Protein chains: 2
Amino acid sequence: MNTMPAVSGQDPSVTGYALLGLFSLREEMSGYELKQLADRTLKFFWTAPAMSHVYSELKQLAKAGLVEETVIQTGARRRRRYRLSASGRSALEGWLSFGEVGFPGLKHEVVLRLFLGAVSGPARPRGILEGYKHQLERRIAELRGIRDGLGEAPHYRYAAIVADWGMRYYREELESVADANERLGGP
Amino acid sequence: MNTMPAVSGQDPSVTGYALLGLFSLREEMSGYELKQLADRTLKFFWTAPAMSHVYSELKQLAKAGLVEETVIQTGARRRRRYRLSASGRSALEGWLSFGEVGFPGLKHEVVLRLFLGAVSGPARPRGILEGYKHQLERRIAELRGIRDGLGEAPHYRYAAIVADWGMRYYREELESVADANERLGGP
DNA sequence: TGTAGCATGTAAGCCGTTACATGATTGA
DNA sequence: TCAATCATGTAACGGCTTACATGCTACA
């Protein structure tokens, strides 16, 4: 016999589990708050879902019983707040301990355009590289701010490892930009 | 008045343009060959499209007049071969010279699971990191083979820059794996 | 009182995948 | 001749985005 509560819907996507996982950092959130948290965490290693996608993902997670939904009526609009349910936590733990993990997926338009440099001529990649460099510097500053806020507290142990991973990655990208610029005969 | 030939369909997606770009490396290809080429080039900086997606993308590109299609009937099955058309080349050039290039998108399940290490406990990330290390080593060997085949010929100038970018990235990932393992108290 | 930003959603539709079906070719 | 691999697609569907619609709140 089945002692689990009946739930409906499919297995969550990886993004679904990722969002579920964020509830381990903060017990209760609205969709908006979850999106904000995703933009300070997930974003650095997993494409941040659009606002509207966060809402629809939460709807599905609620339908599957993995998060508990509290509806608050305020005037003409209802607000919802969510927290991880017991079965949500065990689903998350199960997902984390299960199976193979795929190789990271990358969609790197900068490198794509560099790769096609023979078609566009070298001026275009140089400009793109320049723009990418600025974006990277902004990202690095953003991530450094977050990383500094974590400190060395054991509570943020994993987050700190991940933040340092991200910093190392962005620094490597900066190096690759410099190397490519040099080889393109750039400044 | 419009001097361009009439074509139908939407603007290609980035993946569409990426595939179009591969015809600058090899004049004429079947869908199968295009997929093989993508797996030796694109794959390292842009998620490689599934075989079936390559076929449907080619169909769309042909419909839009960006590639020319030659149909060959052999027995009960027709084969198709493709080459870049004149308007395909100018569409590619236009796309390459146009506009803003977004920040690279990453879907890194390894880091995601590391990030959630507090939920799973440290043993699981350690195992995942170990597996990732092996995958990275295989990738590096694969890319090194390709890179060595390029040599220093000016013809492969851009490809060589991109291959070296990839190698640098994978080496950095290996460093991050080692750092994370250390901090997890691992071997 | 009006406007900018906070907040919550729905609808349409593309992008891309997996599963499936099937044919052709090569070598054991 | 059987199996493996090369090769070509179709169908169904999920994931995720953009565009749009709307309400709420603070403050100038």
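As the structure is a computational prediction, the values presented were derived from the model and not from experiment. Residue numbering restarts at 1 for every chain, and letters A, B, ... go by the order of the sequence lines.
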Worksheet item: Of all the choices, D:dA7, C:dT17, C:dG9, which nucleotide is nearest to the side chain of A:R80 once you look at every atom?
Response: C:dG9
Worksheet item: Taking the six-membered ring for Trp, is the centroid-to-centroid distance between A:F115 and A:H108 below 6.0 Å?
Response: no
Worksheet item: Which sits closer to the 5' end of DNA chain D, A:T47 or A:R79, going by the nucleotide each is nearest to?
Response: A:T47
Worksheet entry | Neighbour count above 12 (heavy atom, 6.0 Å) for A:Y156 OH | no
Fill in: Base of C:dT18 paired with side chain of B:S52 (donor-acceptor, under 3.5 Å)
yes
Fill in: Value in whole Å for how far the P atom of D:dG14 lies from NE2 of A:H53
13 Å
Worksheet item: Would you say a side-chain N or O of B:S13 is under 4.0 Å from OP1 or OP2 of C:dG16?
Response: yes
Worksheet item: So does B:K59 get a side-chain nitrogen or oxygen closer than 4.0 Å to the phosphate oxygens (OP1/OP2) of D:dT8?
Response: no
Worksheet item: Can you check whether A:T15 has a side-chain N or O nearer than 4.0 Å to OP1 or OP2 of D:dC16?
Response: yes
Worksheet item: Are there more than 12 heavy atoms of other residues, nucleotides or ligands under 6.0 Å from atom NZ of B:K43?
Response: yes
Fill in: Separation between CG of A:L116 and CG of B:L22, rounded to the nearest 0.5 Å
7.5 Å
Fill in: Between C:dG9 (C1') and A:I72 (CD1): distance, integer Å
16 Å
Worksheet, complete the sentence: Which of D:dT18, D:dG9, C:dT17 is nearest the side chain of B:R78? It is D:dG9
Fill in: A:R77 side-chain proximity, nearest of C:dA7, D:dT8, D:dC16
C:dA7
Worksheet entry | Whole angstrom value for the distance that separates P of C:dA7 from CE of A:M51 | 10 Å
Worksheet item: Taking CD from B:E33 and P from D:dC6, how many angstroms apart are they, rounded to a whole number?
Response: 13 Å
Fill in: Whole-Å distance separating the OH atom of B:Y32 from the P atom of D:dG9
14 Å
Worksheet item: Mapping A:W46 and B:Y55 to their closest nucleotides on DNA chain D, which lands nearer the 5' end?
Response: B:Y55
Fill in: Length of the CG-C1' vector between B:L58 and D:dT10, whole Å
16 Å
Practice prompt. Tell me, please, whether A:F23 has A:R83 positioned over its six-membered ring: NZ or CZ under 6.0 Å from the ring centre and within 45 degrees of its axis?
Written response: no
Fill in: Atom-to-atom span, CD of A:Q60 to P of D:dC16 - whole angstrom
10 Å
Discussion item. Using whole Å, what does the distance between atom P of nucleotide D:dA7 and atom CG of B:L34 come to?
Written reply: 13 Å
Fill in: Residue-phosphate contact under 4.0 Å: A:K107 side-chain N/O, C:dG16 OP1/OP2
yes
Discussion item. C:dT8, OP1 or OP2 - any side-chain N/O from A:S30 closer than 4.0 Å?
Written reply: yes
